[in-house]
There are 4 protein chains.
Amino acid sequence: MKDAYKKSPGRPRSVSSQRAMLKATLELLAEVGFEKMSMDAIATRAGIGKTTIYRRYANKDELVADAIESVREEIRVPDTGNLWGDMDALIENATQITLTPLGKQAVAMIISSASSNAKFARVYWEKYLLPRKQAFASVIERAKVRQEVASDVDAGLVFDTMSGIMLYALIFPPEEAWTDYIRRSLSLVLRPMPK
Amino acid sequence: MKDAYKKSPGRPRSVSSQRAMLKATLELLAEVGFEKMSMDAIATRAGIGKTTIYRRYANKDELVADAIESVREEIRVPDTGNLWGDMDALIENATQITLTPLGKQAVAMIISSASSNAKFARVYWEKYLLPRKQAFASVIERAKVRQEVASDVDAGLVFDTMSGIMLYALIFPPEEAWTDYIRRSLSLVLRPMPK
Amino acid sequence: MKDAYKKSPGRPRSVSSQRAMLKATLELLAEVGFEKMSMDAIATRAGIGKTTIYRRYANKDELVADAIESVREEIRVPDTGNLWGDMDALIENATQITLTPLGKQAVAMIISSASSNAKFARVYWEKYLLPRKQAFASVIERAKVRQEVASDVDAGLVFDTMSGIMLYALIFPPEEAWTDYIRRSLSLVLRPMPK
Amino acid sequence: MKDAYKKSPGRPRSVSSQRAMLKATLELLAEVGFEKMSMDAIATRAGIGKTTIYRRYANKDELVADAIESVREEIRVPDTGNLWGDMDALIENATQITLTPLGKQAVAMIISSASSNAKFARVYWEKYLLPRKQAFASVIERAKVRQEVASDVDAGLVFDTMSGIMLYALIFPPEEAWTDYIRRSLSLVLRPMPK
DNA sequence: ACTTAATCGAGACGGTACGTCCTGTCTTTAA
DNA sequence: TTAAAGACAGGACGTACCGTCTCGATTAAGT
């Protein structure tokens with residue numbers, strides 16, 4: 001998010017402080033959650049002053065939003081040559097990220113403040129959901145070509161359905177294994193090509 | 001949760017205070033949300049003392065959990081004689097409740113604190129989701145009998161999937177109308193009986 | 001329990017409740033002081049209801065005033081046939097009462113609320129100081145007759161002076177023994193008959 | 001008591017806030033008394049946050065103790081060249097200070113909590129009584145030299161006696177004028193040099 | 001090498017809400 | 001009726017956190 005060009009005078013902002021504050025934020029978020037995490041605690045753990053945080057972020061929300069945004073892991077479009085092979089890879093990736101303490105807290109926050117504060121939802125959407133939705137579309141498109149799935153399947157709606165069930169499972173954990181549960185739900189939606 | 005029998009001495013807890021505090025809580029929850037709603041504001045609006053609240057509830061969480069729990073509207077199992085007629089009734093009911101300001105705040109809270117505070121999720125599950133899940137099961141059972149739907153459809157999973165998509169839609173509102181969106185998603189899952 | 005005689009339609013426990021509440025009040029007053037003593041604590045220790053206290057006394061002040069008033073020990077005018085013999089007896093009596101924890105708290109309270117609440121001061125004056133002032137006057141009158149003291153000595157002022165020094169000693173304890181200190185102070189005032 | 005040397009990091013404590021809170025405390029103390037004066041009211045009147053008070057003082061007692069301590073007016077040893085001229089000056093000074101609303105409240109508090117909380121009494125002693133006791137001693141010493149008073153007069157005891165009578169008069173106001181009363185009492189104690 | 005100016009850590013600031021405690025009143029059941 | 005038990009409105013207490021604001025002390029870039 002750096003400006004393209006920099007030639008401002010004065011002491012430049014410390015990169016190590018920036019790293020430290022994001023790290024501390026993510027750690028505390030995972031440990032105690034958004035509400036119970038105080039700015040003072042973050043500053044103390046990061047070994048920096050609160051001023052240094054507030055110079056960069058207007059408030060707690062923005063700091064946390066950016067901290068979460070900073071955890072971007074690459075999403076690689078799988079290509080196993082087979083619909084369910086690809087799907088399993090995507091499900092695996094999604095669950096692995098979502099089921100960490102940090103993932104849970106992040107999703108919780110995003111949902112919690114969705115109506116009041118669009119910030120979190122936007123970040124989540126742009127950095128997390130959208131790439132996956134696109135990967136999903138590719139995978140299903142290939143499956144259509146291979147005639148593994150009906151050609152009128154709405155990939156977007158299928159993705160939304162999967163996201164929904166994952167959200168739901170996060171709050172009301174299924175009795176069976178997470179991946180099985182999602183896989184089973186998804187198989188409802190992804191009906192095979194009629195013979 | 002009342003004890004079966006009561007003959008405890010002393011002045012009984014005021015029913016009107018109880019009602020007033022729950023009403024004020026629900027109103028303020030809908031208006032300003034959980035975080036911005038202060039206990040003093042609740043007490044003032046209810047025309048009672050803060051003590052009276054804290055005598056019943058250990059903290060804000062418990063008060064709000066109970067307030068939400070108190071909003072139990074009867075869920076009536078629809079019977080239009082037709083699968084999609086019944087489904088539409090259920091969807092209509094669910095969306096109407098979920099899309100009110102109160103509904104949104106309630107869901108937000110429930111989700112938000114799901115991992116840290118099981119209280120909200122439990123209440124939501126018991127008082128809201130479970131009755132609907134059962135209604136759902138009945139409706140689908142009847143549809144199976146009428147051979148409107150394949151006999152191996154897992155009603156529970158279908159319900160979870162629908163709940164998930166509703167949750168998702170609450171955070172990332174669909175571009176089309178809510179009920180259409182849910183209906184469309186549901187039609188993916190509830191595939192008709194193969195001819 | 002205490003249902004040895006069950007023929008009381010009226011108020012059989014009235015007297016014992018009264019005694020219990022005064023006793024509890026005096027105990028707690030001595031232990032923790034006026035401010036830190038709560039009405040609930042008094043009621044609990046007395047094994048009675050708060051209502052029972054408030055039926056008799058309008059507020060804490062009045063209860064405590066009455067409790068202190070209830071501790072009336074007889075003041076006997078000493079007559080040793082000698083001025084300082086009598087004085088020593090009076091000093092001894094005054095210090096013994098004032099130096100108990102209860103005495104200290106009582107005096108503290110009385111002084112503390114003197115400007116705002118005349119109640120305590122009045123009780124203290126009527127029940128404690130006035131009898132002593134009169135005893136004092138008698139003793140000095142006799143001393144005048146015996147020509148142990150100048151005939152123009154103002155007994156009232158001498159008493160006030162002694163009371164004052166006791167008050168002062170209560171707050172700023174003298175280094176020597178209490179009775180010696182007061183005796184010494186008093187000897188300043190009670191000058192002997194000029195030869 | 002400031003440390004001799006200061007170079008602690010961070011923003012220094014606001015001197016104006018400090019002054020404002022002491023001023024507000026003294027005003028409210030004089031107006032409504034210790035018990036009826038709330039910390040919020042103090043903060044509001046001083047135009048500061050409650051936090052700022054509690055950062056400096058652990059509780060209301062300590063704040064008030066320091067506020068009273070802060071009112072130190074210089075006591076000037078009078079020198080009229082005559083015993084009673086000097087005494088009158090001292091009496092005048094003492095009564096003027098003690099008879100203000102603030103003075104009365106201060107004395108009330110000091111006495112009230114003398115046994116439980118030594119803080120108030122200590123402050124009163126060090127900042128108020130001790131300087132006067134010393135002034136008293138000087139004045140009487142000079143009177144001895146001038147042979148206005150017996151050389152064996154114990155100045156300390158005379159001072160204590162006068163303080164006592166003032167305390168007493170504060171609680172049980174004399175019928176005559178304050179200064180006359182004190183003066184009369186003092187004349188008993190300070191007997192002239194025998195011819 | 002010397003300015004210059006924005007940064008840093010530290011921590012105080014005003015404000016708001018929390019949950020506890022206490023007073024004096026009210027309302028019930030039991031006797 | 002009176003007692004006991006305890007709920008009630010109101011209000012102060014002292015704590016925690018937020019986002020802002022000073023401090024003296026760095027730290028580079030541009031003279």
Side-chain angles (χ1 to χ4, degrees), chain A residues 6-14 16-17 35-41 43-44 46-60, chain B residues 6-14 16-18 35-41 43-44 46-60, chain C residues 3 6 8-14 16-17 35-41 43-44 46-55 57-60, chain D residues 7-14 16-18 35-41 43-44 46-60:
Chain A
K6 58 151 184 169
K7 57 167 189 173
S8 65
R11 178 177 178 175
R13 292 187 178 172
S14 159
S16 68
S17 288
E35 292 302 334
K36 300 197 161 180
M37 166 180 68
S38 81
M39 294 300 269
D40 279 279
T44 301
I48 63 175
K50 232 183 351 170
T51 320
T52 307
I53 300 177
Y54 279 105
R55 190 170 296 110
R56 293 164 165 77
Y57 303 103
N59 50 45
K60 197 173 163 182
Chain B
K6 61 149 184 170
K7 55 164 192 172
S8 69
R11 178 179 178 174
R13 294 189 176 173
S14 161
S16 69
S17 288
Q18 179 71 17
E35 291 303 333
K36 300 197 162 180
M37 167 180 67
S38 82
M39 295 300 269
D40 276 284
T44 300
I48 63 176
K50 224 176 12 161
T51 318
T52 304
I53 301 178
Y54 279 106
R55 189 171 298 109
R56 293 165 165 76
Y57 305 104
N59 50 46
K60 199 171 161 183
Chain C
D3 48 343
K6 52 171 82 176
S8 51
R11 35 180 169 156
R13 295 196 76 183
S14 172
S16 70
S17 287
E35 292 302 333
K36 300 199 161 178
M37 166 180 69
S38 80
M39 294 301 269
D40 280 279
T44 301
I48 63 174
K50 232 182 354 167
T51 322
T52 307
I53 300 177
Y54 278 105
R55 191 169 296 110
Y57 303 104
N59 49 46
K60 195 174 165 182
Chain D
K7 55 164 192 173
S8 70
R11 177 178 179 175
R13 295 192 174 170
S14 161
S16 69
S17 289
Q18 180 71 18
E35 292 302 333
K36 300 199 161 178
M37 166 179 70
S38 81
M39 294 301 267
D40 276 283
T44 300
I48 62 176
K50 224 177 9 163
T51 318
T52 304
I53 300 178
Y54 279 106
R55 190 171 297 108
R56 291 165 167 76
Y57 303 104
N59 50 46
K60 199 172 161 183

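Please read these numbers as outputs of a predicted model, since none were measured by experiment. In what follows, every chain begins at residue 1, and chains take the letters A, B, ... in the order their sequences are listed.
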Q: On the side chain of D/S8, is there an atom forming a donor-acceptor pair with the base of E/dG11 - under 3.5 Å, no angle test?
A: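 Per atom types, no contact qualifies.
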
Q: May I ask you to test the C/K60-C/M39 pair for a side-chain heavy-atom distance under 4.5 Å?
A: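 C/K60 vs C/M39: side chains touch.
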
Q: Check the distance between F/dC18's P and A/K36's NZ and give it to me in whole angstrom.
A: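 Atom-to-atom, A/K36 to F/dC18, this comes out as 14 Å.
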
Q: Rounding to an integer number of Å, can you tell me how far A/K50 NZ sits from E/dG9 P?
A: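 A/K50 atom NZ is separated from E/dG9 atom P by 14 Å.
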
Q: Is B/K60 close enough to E/dC18 that one of its side-chain N or O atoms is under 4.0 Å from OP1 or OP2 there?
A: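 So the side-chain polar atoms of B/K60 do come within 4.0 Å of the phosphate oxygens OP1 or OP2 of E/dC18, strictly under.
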
Q: With a 4.0 Å cutoff (strictly under), does any side-chain N or O of D/T52 reach OP1 or OP2 of E/dG14?
A: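 Looking at the OP1 and OP2 atoms of E/dG14, one of them is under 4.0 Å from a side-chain N or O of D/T52.
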
Q: Would you mind telling me which of F/dC21, F/dC23, F/dG19 lies closest to the side-chain atoms of D/P12?
A: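 Comparing F/dC21, F/dC23, F/dG19 against the side chain of D/P12, the answer is F/dC23.
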
Q: Given that B/A58 and A/A46 both sit by DNA chain E, which one's nearest nucleotide is further toward the 5' end?
A: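 Result of the comparison: A/A46.
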
Q: Does F/dC8 have OP1 or OP2 under 4.0 Å away from a side-chain N or O of B/R56?
A: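 Looking at the OP1 and OP2 atoms of F/dC8, one of them is under 4.0 Å from a side-chain N or O of B/R56.
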
Q: Could you tell me whether the phosphate oxygens of E/dC8, OP1 or OP2, come under 4.0 Å of any side-chain nitrogen or oxygen in A/R13?
A: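 No, outside the criterion.
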
Q: Any side-chain N or O of A/R11 below 4.0 angstrom from OP1/OP2 of E/dA6?
A: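 Negative; the distance criterion is not met.
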
Q: Check this for me: does the side-chain of D/S17 come within 3.5 Å of the base of E/dG14 through a donor and an acceptor?
A: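 By the distance-only test, no, there is no pair.
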
Q: Between the base of F/dG11 and the side chain of D/S38, is one N or O donor paired with an acceptor at under 3.5 angstrom?
A: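 It does not, because no donor-acceptor pair links the side chain of D/S38 to the base of F/dG11 below 3.5 Å.
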
Q: Rounded to whole angstroms, how far apart are CD1 on B/I53 and P on F/dG10?
A: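 Atom-to-atom, B/I53 to F/dG10, this comes out as 12 Å.
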
Q: Using the C1' atoms of the five pairs at each end, what is the angle between the end axes of the helix from E/dT3-F/dA29 to E/dA31-F/dT1, to 10°?
A: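 It comes to 20° between the two terminal axes.
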
Q: Could you tell me the separation between the CZ atom of A/R55 and the P atom of E/dA5, rounded to a whole number of Å?
A: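 To the nearest whole Å, that distance equals 17 Å.
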
Q: Please state how far atom CG in A/N59 lies from atom P in F/dC18, giving the value in whole angstrom units.
A: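 To the nearest whole Å, that distance equals 11 Å.
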
Q: Once you round it to whole Å, what is the distance between P of E/dC18 and OH of B/Y57?
A: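 Interatomic distance, OH of B/Y57 to P of E/dC18: 16 Å.
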
Q: Taking for each residue the nucleotide of DNA chain F bearing the nearest heavy atom, is the 5' side occupied by C/I48 or by A/M37?
A: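 In this pair, the answer is C/I48.
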
Q: For residues B/R56 and B/S14, report the shortest heavy-atom separation together with the two atoms involved.
A: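 B/R56 and B/S14 have their closest heavy atoms at NH2-O, 3.1 Å.
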
Q: In whole Å, what is the span from the CE atom of D/M39 to the P atom of E/dC18?
A: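 Interatomic distance, CE of D/M39 to P of E/dC18: 21 Å.
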
Q: Nearest-nucleotide wise, let me know which of A/D40 and B/G49 is further upstream toward the 5' end of DNA chain F.
A: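 The 5'-side residue here is B/G49.
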
Q: Within this structure, what is the CD-to-P distance between A/E35 and E/dT16, rounded to whole angstrom?
A: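 So the CD-P distance, A/E35 to E/dT16, works out to 19 Å.
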
Q: Select one nucleotide: of E/dT16, F/dA7, E/dA12, the one nearest the side-chain heavy atoms of D/T51.
A: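 Shortest atom-to-atom distance from the side chain points to E/dT16.
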
Q: Kindly say if C/Y54 contacts the phosphate of E/dT25, meaning a side-chain N or O under 4.0 Å from OP1 or OP2.
A: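 So the side-chain polar atoms of C/Y54 never come under 4.0 Å of the phosphate oxygens OP1 or OP2 of E/dT25.
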
Q: Shortest non-hydrogen contact from D/A43 to D/G49?
A: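 Taking D/A43 first and D/G49 second, the nearest heavy atoms are CB-C, 4.1 Å.
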
